[in-house]
Amino acid sequence: MAVLRMKFTKNKRDKLAQVLWILNWISVLTGILLFSLGLFLKVEINKRGELMAERDIQYVPNMLIAVGLIACAINFLGGKICYDCVDTTKFLRWKLIMLPYIICTFFFTFCVLVGALMCYSMRGELEESLDLGLTEAMRFYKDTDTPGRCFLKRTVDMLQIEFHCCGNNGYRDWFHIQWISNRYLDMSQKEVVDRLRSNVEGKYLMDGVPFSCCNTNSPRPCIQRRITNNSAHFNYEHQTEELNLWMKGCRQALLEYYTDIMQSIGLTVLITWLFELSVLTGVRYLQTSLENVVRQGDPNSESDGWLLENSFMETARTNLNIIKCLGKGNQIDAGNNGDPNINVPSTSKAHYGPDNVPPKETPEAS
């Protein structure tokens, strides 16, 4: 029994073909949209690539770019097919192509769905990449005279100013690394020398943060040195001075920024998938109804259209049997040394000449 059988008159078939022609061209535009979204996400990731560890997080934008290009090609072809299907005689040139086209489009729509789900599943890998990348960037913050790292100070400062964040997880992350280069330390001061000697690794650690951590909304001048020393500043309590520094970590700020982008893109791709699926359903109805018209021989007659000619279980069982038959056809009987003709019985009779009399056996001389 056919699944979701519908009746189509000639007028309905023509209108369906015309609507699908328009929808396919709209789908070409959605393909351009997917390509643009993938390109935008790729640019946004590369824009702050130096703050991310070497992780393969480019597969999501690359997937969207590829899906967008394929969507343009598939829907352009689909528009041409639907335009010709308004005329039943022109359908004959596409008859053998439409079923493979529908199968390929079905797998393509599945890829669109995968792309939408990937946008939501990327958060974990992105968070790990940001955590490792920001830690490395902060560690090399002081290396302004080292080739390949001299730009990291400006990058981190601009990040903290733009996203109103400080450190990786918070401003206290700066207490555990040396972010001031030794070239700017006065070694003639006893305090500096003692602080270097007190550290096992010889690092100059202090309870201070870069200027870019200062909160511009603070009513008092920014305190970025001796942050935990209340007696070093007038009318100051570091545990309650939340407005002095940005409290949010940059990893959380960047993760929220990229998560908002990916959720918006994921929703757009999901809507695109539903649209592509509806177009594919219409093309399937058009293909089956036109094939039934060709079988009937009357282009003006009413015909049936369906999604599947048989039920889901029967279709799955038929396809499974086809796969099994293909597998058996490729097997060779290994018990007979690989020769498939050994056990084949002969149907031909022996022929012994004009009289068809077998020759007499000649006894051997002893």
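Since this is a predicted model, take the numbers as computed values, not measurements. The analysis underlying the following values was restricted to heavy atoms, covering all of them including side chains, and did not include hydrogens, waters or symmetry mates.
In this structure, Y120 contributes its side chain and L267 its backbone to a donor-acceptor pair below 3.5 Å. A donor-acceptor pair under 3.5 Å is formed between the side chain of H233 and the backbone N or O of R226. When atom types are taken as modelled, the side chain of R13 and the backbone of F8 share a donor-acceptor pair closer than 3.5 angstrom. The backbone N or O of E125 lies less than 3.5 Å from no partner atom in the side chain of S129, so there is not a single donor-acceptor pair. Checking side-chain atoms of D173 against main-chain N and O of N168 turns up a donor-acceptor pair under 3.5 Å. Although no hydrogens or angles enter the test, the distance criterion places no donor-acceptor pair under 3.5 Å between the side chain of W174 and the main chain of P210. Listed for the S218 side chain is no donor-acceptor partner under 3.5 Å among the backbone atoms of N215.
Counting heavy atoms from C-beta outward, F35 and V67 have side chains that stay 4.5 Å or more apart. Considering only heavy atoms from C-beta on, V283 stays 4.5 Å or farther from T105 through its side chain. By the 4.5 Å heavy-atom criterion applied to side chains, L274 and E276 are not counted as neighbours. Within the 4.5 Å cutoff, the side chain of L23 has heavy atoms near those of the I26 side chain. Residues M122 and I45 meet the side-chain proximity criterion, which asks for heavy atoms closer than 4.5 Å. Between F151 and E50, some side-chain heavy-atom pair lies under the 4.5 Å cut-off. Contact of the L254 side chain with the L159 side chain is registered, since non-hydrogen atoms from C-beta on lie closer than 4.5 Å. Between K153 and K142 there is no side-chain heavy-atom pair separated by less than 4.5 Å.
Side-chain contact, Q58 with N46: a donor N or O sits under 3.5 Å from an acceptor N or O. Side chain to side chain, D207 and N229 fail the donor-acceptor criterion of an N or O pair below 3.5 Å. Side chain to side chain, N244 and Q224 fail the donor-acceptor criterion of an N or O pair below 3.5 Å. With hydrogens and angles left out, the side-chain atoms of Q178 and Y141 include no donor and acceptor closer than 3.5 Å. A donor-acceptor contact under 3.5 angstrom links the side chains of S212 and D157, judged on distance only. No side-chain donor from either of Y83 and N24 sits under 3.5 Å from a side-chain acceptor of the other.
Distance check, rounded to the nearest 0.5 Å: CG of L51 to CG of L130 gives 8.0 Å. How far OG1 of T9 is from NZ of K12: 5.5 Å, rounded to the nearest 0.5 Å. To the nearest 0.5 angstrom, Q252 atom CD is 10.0 Å from T259 atom OG1. Rounding to the nearest 0.5 Å gives a distance of 8.5 Å between CD1 of I57 and CG of L41. For the atom pair CG (N292) and CD (Q287), the distance works out to 9.5 Å, reported to the nearest 0.5 Å. In this structure, S289 OG and M6 CE are separated by 10.0 Å, a value rounded to the nearest 0.5 Å.
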- Task: May I have the step-by-step check of side-chain contact (heavy atoms from CB on, under 4.5 Å) for L126 and M262, ending in yes or no?
- Result: CA-CA 11 Å; L126 181 62; M262 289 184 297; 3.8 Å; yes
- Message: Determine whether L205 and H176 satisfy the following criterion, side-chain contact (heavy atoms from CB on, under 4.5 Å), listing intermediate values before the conclusion.
- Response: CA-CA 6 Å; L205 304 182; H176 306 294; 5.8 Å; no
- Message: I'd like to know whether D84 forms a side-chain hydrogen bond (donor to acceptor under 3.5 Å, both in side chains) with W94, so could you lay out the CA-CA distance, the side-chain angles of the two residues, the decisive distance to 0.1 Å, and finally the verdict.
- Response: CA-CA 9 Å; D84 287 346; W94 298 106; 2.9 Å; yes
- Message: side-chain contact (heavy atoms from CB on, under 4.5 Å) for M63 and V114? Distances and angles first, verdict last.
- Response: CA-CA 9 Å; M63 175 78 169; V114 171; 4.2 Å; yes
- Task: Please report the C-alpha distance between L270 and L113 in whole Å, then the side-chain angles of each, then the deciding distance to 0.1 Å, and finally whether the side-chain contact (heavy atoms from CB on, under 4.5 Å) criterion is met.
- Result: CA-CA 6 Å; L270 195 61; L113 177 61; 3.9 Å; yes
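Here the closest heavy-atom approach between residue G68 and residue L34 is recorded as CA-CB, 3.9 Å. Nearest heavy atoms, V269 versus G115: CG1-C, 4.3 Å. G305 and T288 get closest at one heavy-atom pair: CA-OG1, 3.4 Å. Summarising the geometry of R251 relative to E127, their closest heavy-atom pair is NH1-OE2, 2.8 Å, with the distance given to 0.1 Å. Counting all heavy atoms, side chain and backbone alike, I74 lies closest to Y101 at O-OH, 3.2 Å. The two residues I97 and P100 have their closest heavy-atom pair at O-CD, 3.2 Å.
By the rule that hydrophobic residues join a cluster once side-chain heavy atoms approach within less than 4.5 Å of another member, I81 and L96 end up as members of separate clusters. Cluster annotation: V60 is connected to L33 through the hydrophobic network of ILVMFWY side chains, with a link wherever side-chain heavy atoms come within less than 4.5 Å. Hydrophobic clustering of Ile, Leu, Val, Met, Phe, Trp and Tyr side chains at less than 4.5 Å, counting indirect connections, keeps F108 apart from I32. Clustering ILVMFWY residues whenever any of their side-chain heavy atoms sit less than 4.5 angstrom apart, transitively, puts F275 in the very cluster that holds L64. Linking ILVMFWY side-chain heavy atoms closer than 4.5 Å, directly or via other members, places V28 and I271 in two distinct hydrophobic clusters.
D145 has a carboxylate O that lies under 4.0 Å from a charged side-chain N of R183, or vice versa, which qualifies the two as a salt bridge. In summary, R123 and E256 do not engage in a salt bridge, as defined by a charged side-chain N under 4.0 Å from a carboxylate O.
For R195, the CZ atom counts as densely surrounded, since its 6.0 Å shell holds more than 12 non-hydrogen atoms of other residues, nucleotides or ligands. With a 6.0 Å radius and a threshold of 12 heavy atoms from other residues, nucleotides or ligands, F106 has its CZ atom at or below the threshold. More than 12 heavy-atom neighbours from other residues, nucleotides or ligands sit within 6.0 angstrom of NZ on K42. By the neighbour-count criterion of 12 heavy atoms within 6.0 Å, atom CH2 of W21 is sparsely surrounded, having that number or fewer from other residues, nucleotides or ligands. Heavy atoms of other residues, nucleotides or ligands lying less than 6.0 angstrom from CZ of F76 number 12 at most.
Residue pairs meeting the disulfide bond (SG atoms under 2.5 Å apart) criterion with at least one member in residues 105-198, sequence neighbours excluded: C165-C250, C166-C213.
A distance of 6.0 Å or more separates the ring centres of W179 and Y204. Checked against the 6.0 Å centroid criterion, the rings of W273 and F110 do not qualify as a close aromatic pair.
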